[in-house]
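Okay, so here's the structure we're looking at.
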Amino acid sequence: MRLVLFDTENKELSWKERKDATLQNLENCDRKCAMLICADKLSNIRDVPEGLQNEGEGVWEHFKYGRDGRKWLFCEYIEVLARLSDLKMYFELKQAVEMVFPKGKKELWRQILNLRTIRQLLLSGEVLTPQTRESSQRRLPHCRGKQEAS
């Protein structure tokens, strides 16, 4: 019951206030709570590639703060949940966020052209090999705008 209550937001607050509160609570919660949030966010982001494929950029209209709000929130989750980096689901969440929110137009078009492959990867739960992961990390920037490796 405690885990469910942790993931329940106060609807009297604004969207940004609710998300900020959740992120702040997430910094101090125990591992089980962090794992619950990670699993929930992974489930949420797995639906986005199909939405992009079916609706294009219009998919972001389903979210109150659109693409930018979603990107901010998921990037914050990646940062706050970094203590779970030993778990496969955290790696999958981070990888999915980098795929859904690529940096630059070139990466966006690559992502759009490969939506089916991305969706299949996310839904299958496959993890990239270390060699592919290293290559992906060079191509897919981190949310905070770090410089891409050449």
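Ionic pairing of Glu76 and Lys19 is not present here: no N-O contact between side-chain nitrogen and carboxylate oxygen is shorter than 4.0 angstrom.
Taking each heavy atom of Ala34 and Cys29 in turn, the nearest pair found is N-SG, 3.5 Å. Val97 and Cys75 get closest at one heavy-atom pair: CG1-SG, 4.4 Å.
Once rounded to the nearest 0.5 Å, the distance linking NZ of Lys94 with CE of Met89 reads 15.5 Å. In this structure, CZ on Arg70 lies 5.5 Å from CZ on Phe63, to the nearest 0.5 angstrom. If you take CG on Leu93 and SG on Cys38, they are separated by 5.0 Å, rounding to the nearest 0.5 Å. Here Glu79 contributes atom CD and Leu26 contributes atom CG; the two are 11.5 Å apart, rounded to the nearest 0.5 Å. With values rounded to the nearest 0.5 angstrom, Leu81 atom CG is found 8.0 Å from Ile37 atom CD1. Rounded to the nearest 0.5 angstrom, Ser85 OG and Phe91 CZ are separated by 11.5 Å.
Put simply, the side chain of Leu87 reaches to within 4.5 Å of the side chain of Arg31, judged on heavy atoms. Here the side chains of Thr22 and Tyr77 are in contact, with some heavy-atom distance below 4.5 Å. Leu73 has its side chain within reach of Leu23: a pair of non-hydrogen atoms, C-beta onward, lies under 4.5 Å apart. The side-chain heavy atoms of Phe74 and Val100, taken from C-beta on, include no pair separated by under 4.5 Å. Two residues are said to be in side-chain contact when any heavy atoms from C-beta on lie closer than 4.5 Å; His62 and Glu55 meet this criterion.
Under a 3.5 Å cut-off, the side chain of Glu17 and the backbone N or O of Ser14 do form a donor-acceptor pair. Of the possible donor and acceptor atoms, none in the side chain of Asp40 sits under 3.5 Å from a partner among the backbone N and O of Leu36. Under a 3.5 Å cut-off, the side chain of Arg67 and the backbone N or O of Trp60 do not form any donor-acceptor pair. Without hydrogens or angle criteria, Ser43 side chain to Ala39 main chain gives no donor-acceptor distance under 3.5 Å.
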**OP:** Could you go through the side-chain contact (heavy atoms from CB on, under 4.5 Å) check for Glu57 and Leu52 one step at a time?
**Re:** CA-CA 6 Å; Glu57 289 297 305; Leu52 284 167; 3.8 Å; yes
**OP:** Could you check Arg83 against Tyr90 for side-chain contact (heavy atoms from CB on, under 4.5 Å), going step by step and ending with a plain yes or no?
**Re:** CA-CA 9 Å; Arg83 63 186 156 134; Tyr90 173 80; over 6 Å; no
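By the salt bridge (Lys or Arg N to Asp or Glu O under 4.0 Å) test, Asp20 pairs with Lys16, sequence neighbours left out.
Of the candidates Leu42, Val48, Asn44, Arg46 forms a side chain to side chain contact (heavy atoms under 4.5 Å, CB included) with just one, namely Leu42.
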